[in-house]
There are 2 protein chains.
Amino acid sequence: MIDRRVQKTRKILSQALVSLILEKGYDAITIQDIIDRANVGRSTFYAHFENKDQLLLVGNENFRHILKSKVEDGELTIDFEFFFQHVAENYDLALAFFGKKGGHVLIDFFRDLIADLVMKHYKIQLQVSEKIQLKMLNYQADAIATSIIRLLTLWVEDQMPFSAKEMAGVSNKMIKQLEAEVFNIKVVSQTH
Amino acid sequence: MIDRRVQKTRKILSQALVSLILEKGYDAITIQDIIDRANVGRSTFYAHFENKDQLLLVGNENFRHILKSKVEDGELTIDFEFFFQHVAENYDLALAFFGKKGGHVLIDFFRDLIADLVMKHYKIQLQVSEKIQLKMLNYQADAIATSIIRLLTLWVEDQMPFSAKEMAGVSNKMIKQLEAEVFNIKVVSQTH
DNA sequence: TATTTTATCGAACATAATGTATCATAACTT
DNA sequence: AAGTTATGATACATTATGTTCGATAAAATA
């Protein structure tokens, strides 16, 4: 059981960071800003976290893990609907983490996560054809993951004018298109 | 005619910044680091630049403008070959600007530039059908521009194992694929 | 409830970066 | 050769950093 004081301190520090991100942007925030806002002693901060990044990561572990599970659940099909849905349900947090004023910690985390998933998805089919440029495919998987996170950023920054389903649809299309290109499958020919 | 001392100061400050980026990463660099490395007085720095970002932007205006012209020359077809070629010919600079240790100034600049070009490219065809979700198309253009810059980052970070032509090919394909998709939407809306 | 454990605060500290200002000097232009 | 100006050196007040310490309040435990 974690000491109630500890829970309280960590929570208020996390909240202070989030509110500060929305105000002045992650990069401009100092430790001093955070402990002033949270009304917490300087030594107390360092008793819990080493720096800003760690506070953002550990302090919002819950949100991060849940969001991670949303995208990992649909591993086989890589369906991002639950992912975007959960973002929409936590708008303030998402804005702080993925918006333009947010830091790069969570963006990098999810970019790498999605890139891995996309690669895993492709690799199932790679066993068949071996002539693929694996390194270039890695680049492309990473690039697509990056563009999906970028879509997310634009979406939350723009107050989410589309549904989570629409956003997931666009994301899935990107992955499918690369898939079609790599494996020489003509998606268009299927609709004809 | 610009004073020779001014030219010398600006050049050495720019070089100091680039070398520092490769060593410790853009974000960790202080003004103090720069003037120490350049052996330039503190007041001299501020006589020329307001901050790090401005030094990076103005100090390497030449490289930026040339690189910009490379991608703008091929406006009609959006051919990135010259773009990646020029990057390859300035490897150290590119690594400092687009590598993982680099800042976000130039990355943001070229992302926006490419996104605009892509949109301009699409808009030619958009005149025909007006039912297109223009906002979503903007998102996608931005996302694709982001992924192309990400490809660039991975490429330079990986010591450029592919030719500029190959990189341009992949970039162009991404744009073409979205183009095909948009065209697809047009067809569907017409048949309904 | 009484006792022990521990998280927090407040204060102090040395170090470092910031942005500004002044002035003598060296380097440049004309 | 004379006038102009960019630079370096120095100083300054302000702010942030990361660490340490003891007193105190709040928690867990018996």
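Residue numbers start from 1 in every chain, and the chains themselves are labelled A, B, ... in the order their sequence lines are given, proteins ahead of strands.
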Review point. Starting at CD1 of B/I2 and ending at C1' of C/dT30, how long is that distance when rounded to a whole Å?
Key: 18 Å

Practice item. Would you mind reading off the distance between B/E50 atom CD and C/dA17 atom P, rounded to a whole angstrom? Key: 21 Å

Check your understanding: With distance as the sole criterion, is a donor-acceptor pair present between the side chains of A/Q15 and A/R37 under 3.5 Å?
Key -> no

Exercise for review: Please state how far atom CE in B/M1 lies from atom P in C/dA27, giving the value in whole angstrom units.
Suggested key: 20 Å

Review point. Taking the six-membered ring for Trp, are the ring centroids of B/F162 and B/F84 within less than 6.0 Å of each other?
Key: no

So which protein nitrogen or oxygen atoms get under 3.5 Å of nucleotides 3-7 of chain D's nitrogens or oxygens?
unit_1: D/dT5; atom_1: O2; unit_2: B/R5; atom_2: NH1; d: 3.3
unit_1: D/dA6; atom_1: O4'; unit_2: B/R5; atom_2: NH2; d: 3.4
unit_1: D/dT7; atom_1: OP1; unit_2: B/R5; atom_2: O; d: 3.1
unit_1: D/dT7; atom_1: OP1; unit_2: B/T9; atom_2: OG1; d: 2.2
unit_1: D/dT7; atom_1: OP2; unit_2: B/H48; atom_2: NE2; d: 2.6

Check your understanding: Using 4.0 Å as the upper bound for N to carboxylate O, is an ion pair formed by B/K101 and B/D27?
Key -> no

Review point. Does a side-chain N-to-carboxylate-O contact under 4.0 Å join B/D158 and A/K135?
Key: yes

Review point. What's the CD1-P distance between A/I35 and D/dG18, to the nearest Å?
Key: 11 Å

Revision key, fill the gap. Taken to the nearest whole Å, CD1/B/I29 to P/C/dA16 is 18 Å

Practice item. Rounded to the nearest 0.5 Å, what's the gap from CG on A/L178 to OH on A/Y122? Could you check? Key: 3.5 Å

Exercise for review: Could you state the atom-to-atom distance from NZ of B/K52 to P of C/dG19 in whole Å?
Suggested key: 11 Å

**Study point:** C/dA27 OP1/OP2 closer than 4.0 Å to side-chain N/O of B/R4
**Key:** no

Check your understanding: Separation of B/F45 atom CZ from D/dT10 atom P, in whole Å?
Key -> 21 Å

**Study point:** B/K52 to B/Y26, cation-pi by 6.0 Å centre distance and 45° axis angle
**Key:** yes

**Study point:** Donor-acceptor pair (no angle test) under 3.5 Å: A/R42 side chain, D/dG18 base
**Key:** yes

**Study point:** Gap separating the CG atom of B/L137 from the CD1 atom of B/I144, nearest 0.5 angstrom
**Key:** 9.0 Å

**Study point:** Non-hydrogen atoms of B/A28 and B/D33 that approach each other most closely
**Key:** O-OD2, 3.8 Å

**Study point:** Nearest-angstrom distance from the residue atom CZ of B/R37 to P of C/dA17
**Key:** 14 Å

Review point. Measuring from B/L55:CG to B/N60:CG, what's the distance to the nearest 0.5 Å?
Key: 7.5 Å

Check your understanding: How far does the helix from C/dT1-D/dA30 to C/dT30-D/dA1 bend, going by the axes of its first and last five pairs, to the nearest 10°?
Key -> 40°

